Asker: 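Before we start, here is the structure in question, set down as structure tokens.
For clarity, every value in this text was computed on a predicted model and none was experimentally measured.
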Amino acid sequence: MPRLIADLTPLRVSPAFRRLWWGLGVSNIGTQVTVVAVGLQVYALTGSTLAVGTLGIAALVPLVALGLYGGALVDHYDRRRVSLLASTVLWLVTAGIAAQAWLDVGSVNLLYGLVALQSAAFAINNPARTSIVPRLLEPRLMPAANALQTLSFNVALTCGPLVGALLVARLGYAWAYTLDVLLFTAALWAVWRLPAVPPELTGADDGAAGAVAGAPARRRVVGLSSVLDGLRYLATRPNVRTTFVVDLAAMVLAFPRVLWPAAGALYLGGGETTTGLLAAGFAVGGILASVFSGALVRVRWQGRVIVWAITAWGLSVAAFGAVLVAVGPDAPDGVLWGAVVLAGVALLLAGGSDAISSVFRQSILQTATPDHMRGRLQGVFIVVVAGGPRLGEMVLGAEATWFGEGWAAVVGGLACVAVLWLVVRLQPRFWRYDAHHPEP
């Protein structure tokens, strides 16, 4: 049994990683409170699942625009300083979201704008933070560290939506956003306590071919050419590239979060409370997968595990949709608890599958990429893992408008599985990826 429990070694051996893990874990609870509250507020203002999905586009555009550039900044400057500045901007934008609720502005466009600013700061902050972690720990500890971070995130994903939904139902949106402002200070504290983390660069041009000995350690001008260097480097790493492609297939085609407000209001009953329960069920799956990740960190054939995990993800999302199709959009007066349990179990399986996939996708990226390119590839990673779900919200939101929330989930989940196995057929090396002899 102890071999199945999550490996806590990273927390024991690195005080800096331990502080970062706790600080981000606390702040992530507030972040999830805001994610749920913003979706509920937009739905309350518009009554449209498509309008909730449009939040995804508002976040996606700055995420794509600044994610790649943010990664280039991380490869050129002290990562602690970059993260601290971006975290401060995030805190200020969150305070702005709280202010609009306290002032009862009631503007969907303002919410879209604030979410876009939040996404822009996140696009710089996340590559900085994730590029810091491999500098705090030995490479052999990265799977365990990623499992712990996934655990922390999913605890937040469980508690945050429940707290957010309850606060919105009992006290209103303003209190939900204010809690996020308070909890985010834990992240600021954790980043502040980090040591300086300058990038390990070689040569005159970020370690590029042709660098001369004795040349300046790093190029201070961060422009388009630096971003393109990272993309060209990624083109030479087929296994890392495939981790991005399969995750996009899962998130763009089958990310179900946009369907949860309508599921609570129209299908299952219970409104905001049911929405919170569905989100929590998804997160509990991730928690269970992370808690019992002790065996996962010793997995050798990581590509195969990713493929089977995403297959389970797509089938679980399709099962969630099947529950909604079965009960129909009849806006019941009470909660259909049997259907809620079935939908929650389907989302629990989806959350667990996503957590397993995430651990190994991140581990492949962090161990197969040299430090001087890690920020840029983490920038691509955050565009994929954060942008994919946002685009997926728009896709499933549109599909829900066309043929209903239930069928949107069924079609999306099955399409995800079909595209995934097509990618594996086209990239057979990914199926054979061996952690003992990695080929990036």
Asker: Using 0.5 Å steps for rounding, measure from the CG atom of Leu85 to the CG atom of Leu90.
Answerer: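 Answer for the CG-CG pair, Leu85 versus Leu90, is 11.5 Å.
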Asker: Does a side-chain heavy-atom distance below 4.5 Å link Leu248 with Leu391?
Answerer: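 No, too far: nothing below the 4.5 Å cut-off.
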Asker: Quick check: are there more than 12 heavy atoms from other residues, nucleotides or ligands sitting under 6.0 Å from CZ of Arg81?
Answerer: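 Not buried by this count: 12 neighbours or fewer within 6.0 Å.
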Asker: Working to the nearest 0.5 Å, report the span between OG1 of Thr311 and CG of Leu420.
Answerer: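 Nearest 0.5 Å value for the OG1-CG distance: 4.5 Å.
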Asker: Can you tell if the side chain of Gln41 reaches within under 4.5 Å of the side chain of Gln100, non-hydrogen atoms only?
Answerer: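 Side-chain contact under 4.5 Å: yes.
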Asker: With no hydrogens and no angle check, is any side-chain donor or acceptor of Trp21 less than 3.5 Å from a backbone partner on Leu11?
Answerer: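 Checking the backbone N and O of Leu11 against the side chain of Trp21, no donor-acceptor pair under 3.5 Å is found.
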Asker: For Thr185 and Leu182, work out which heavy atoms get closest and say how close.
Answerer: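 Scanning both residues, the minimum pair turns out to be OG1-O, 2.6 Å.
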Asker: Could you pull out the closest heavy-atom pair between Leu396 and Val252, with the gap in Å?
Answerer: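 Taking Leu396 first and Val252 second, the nearest heavy atoms are CD1-O, 4.1 Å.
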Asker: Indicate yes or no: at least one non-hydrogen side-chain atom of Gln118 is less than 4.5 angstrom from one of Thr94.
Answerer: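 Sidechains of Thr94 and Gln118: in contact.
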Asker: Is there a donor-acceptor pair under 3.5 Å between the side chain of Ser152 and the backbone N or O of Leu148?
Answerer: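 Judged by distance alone, no pair lies under 3.5 Å.
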Asker: Within a strict 4.5 Å, meaning less than it, do heavy atoms of the Trp260 and Val36 side chains meet?
Answerer: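 SC-SC contact between Trp260 and Val36 ruled out.
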Asker: Quick one: which of Asn125, Asp78, Thr130, Thr88 gives a side-chain hydrogen bond (donor to acceptor under 3.5 Å, both in side chains) with Ser83?
Answerer: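 Only one option passes, and that is Asn125.
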Asker: What are the two closest heavy atoms between Ala196 and Arg80, and how far apart are they?
Answerer: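 That would be N-CD, 4.2 Å.
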Asker: Write down the atom of Gly264, the atom of Thr275, and the distance for their closest heavy-atom approach.
Answerer: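 Smallest heavy-atom distance, with atoms named: CA-OG1, 4.3 Å.
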Asker: Please report the closest heavy-atom contact between Ala254 and Val317, naming both atoms and the distance.
Answerer: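 Ala254 and Val317 have their closest heavy atoms at O-CG2, 3.4 Å.
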Asker: Where is the tightest heavy-atom contact between Tyr112 and Val42, given as atom of each residue plus distance?
Answerer: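 Nearest heavy atoms, Tyr112 then Val42: OH-CG1, 4.3 Å.
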Asker: Please identify each residue that fulfils ring-ring contact (aromatic ring centres under 6.0 Å, His included) with Trp421, with sequence neighbours left out.
Answerer: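 Trp421: ring-ring contact (aromatic ring centres under 6.0 Å, His included) contacts with Trp308, Trp431.
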Asker: I'd like to check the ring-ring contact (aromatic ring centres under 6.0 Å, His included) partners of Trp91; sequence neighbours left out, ordered by chain and number.
Answerer: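 Here no residue qualifies.
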Asker: Show me the side-chain donor-acceptor pairs of residues 24-32 shorter than 3.5 Å, one per line, residues at least two apart or across chains.
Answerer:
unit_1 : atom_1 : unit_2 : atom_2 : d
Ser27  : OG     : Gly23  : O      : 3.4
Ser27  : OG     : Leu24  : O      : 3.1
Asn28  : ND2    : Leu24  : O      : 3.1
Thr31  : OG1    : Ser27  : O      : 3.2

Asker: Could you tell me the separation between the CG atom of Leu259 and the CD atom of Glu393, rounded to the nearest 0.5 Å?
Answerer: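 So the CG of Leu259 and the CD of Glu393 are separated by 9.5 Å.
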Asker: Under the ring-ring contact (aromatic ring centres under 6.0 Å, His included) test, which residues partner Phe153, sequence neighbours left out?
Answerer: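 Phe153 satisfies ring-ring contact (aromatic ring centres under 6.0 Å, His included) with no other residue.
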Asker: Counting N and O atoms only, with roles assigned by atom type, does the side chain of Ser87 sit under 3.5 Å from a partner on the main chain of Leu188, one being a donor and the other an acceptor?
Answerer: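 It does not hold such a pair.
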Asker: Which pairs, with at least one residue in residues 163-183 and sequence neighbours excluded, count as a salt bridge (Lys or Arg N to Asp or Glu O under 4.0 Å)?
Answerer: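 Qualifying pairs: none.
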Asker: Could you measure the distance from the CG atom of Leu92 to the CZ atom of Phe184? Nearest 0.5 Å is fine.
Answerer: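 CZ of Phe184 is found 9.5 Å from CG of Leu92.
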Asker: Taking the side chain as everything from C-beta on, heavy atoms only, tell me whether Met142 gets closer than 4.5 Å to Pro134.
Answerer: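 A side-chain contact under 4.5 Å exists here.
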Asker: Name each donor-acceptor pair under 3.5 Å that joins a side chain in residues 346-360 to protein atoms two or more places apart or in another chain, with its distance.
Answerer:
unit_1 : atom_1 : unit_2 : atom_2 : d
Ser353 : OG     : Leu349 : O      : 2.8
Ser357 : OG     : Arg361 : NE     : 2.8

Asker: Are more than 12 heavy atoms from other residues, nucleotides or ligands located less than 6.0 Å from atom CH2 of Trp192?
Answerer: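 No, not enclosed.
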